[in-house]
Amino acid sequence: MKYLLLSFSLISTIFAEVNTTQIKVDGMQCSYSCAGKVNSVVQKIDGVKESSVDFAKGMATVTYDDKKVNRN
């Protein structure tokens, strides 16, 4: 049973779709604190694999598992 669950977990990870999207972030006033806070909050969302925030462009780039994150 243990191996069956491990196999199922591995197979579901292989077939999960990983997507990357960019999100416009308005209202950031400072590069360190604001961008860092936005990045920290986004990374805590279940299914988010990676994120980075570009203060100068006002954009967040997020890589996520589409099986766990609803883009809408």
Side-chain angles (χ1 to χ4, degrees):
M1 183 67 171
K2 181 178 175 183
Y3 294 110
L4 179 62
L5 290 175
L6 182 60
S7 297
F8 180 73
S9 176
L10 181 60
I11 290 171
S12 64
T13 302
I14 291 171
F15 290 108
E17 290 251 357
V18 176
N19 295 300
T20 300
T21 191
Q22 291 191 322
I23 303 167
K24 178 96 171 111
V25 181
D26 291 323
M28 291 190 291
Q29 300 295 318
C30 54
S31 63
Y32 178 75
S33 183
C34 294
K37 184 65 174 177
V38 169
N39 196 42
S40 175
V41 169
V42 170
Q43 287 182 350
K44 290 180 183 177
I45 298 171
D46 186 36
V48 170
K49 304 289 186 187
E50 183 178 345
S51 70
S52 63
V53 178
D54 186 329
F55 173 74
K57 293 181 181 178
M59 299 294 289
T61 303
V62 182
T63 303
Y64 63 96
D65 177 347
D66 73 345
K67 303 284 187 209
K68 294 183 179 180
V69 177
N70 183 354
R71 190 167 175 215
N72 299 326

Taking all atoms of both residues into account, what is the closest heavy-atom pair of Gln29 and Cys34, and its distance?
N-SG, 3.5 Å
On a heavy-atom basis, the closest approach of Ser51 and Val42 is CB-CG1, 3.8 Å
Does CD belonging to Glu50 count more than 12 external heavy atoms closer than 6.0 Å?
no
Salt bridge (charged side-chain N to carboxylate O under 4.0 Å, His left out) against Lys24, all qualifying residues, sequence neighbours excluded:
Asp26
Can you name the residues that form a salt bridge (charged side-chain N to carboxylate O under 4.0 Å, His left out) with Asp46, not counting sequence neighbours?
none
Between side-chain atoms of residues 52-62 and protein atoms elsewhere (two or more places apart, or another chain), which donor-acceptor pairs fall under 3.5 Å?
| from | atom 1 | to | atom 2 | distance (Å) |
| --- | --- | --- | --- | --- |
| Asp54 | OD1 | Ala56 | N | 3.1 |
| Asp54 | OD1 | Lys57 | N | 3.1 |
| Thr61 | OG1 | Gln22 | NE2 | 3.4 |

Using the rule that Ile, Leu, Val, Met, Phe, Trp and Tyr join whenever any side-chain heavy atoms are under 4.5 Å apart, tell me whether Val38 and Ile23 fall into a single cluster.
yes
Determine whether Val25 and Ile45 fall in the same hydrophobic cluster, where Ile, Leu, Val, Met, Phe, Trp and Tyr are linked whenever their side-chain heavy atoms lie under 4.5 Å apart.
yes
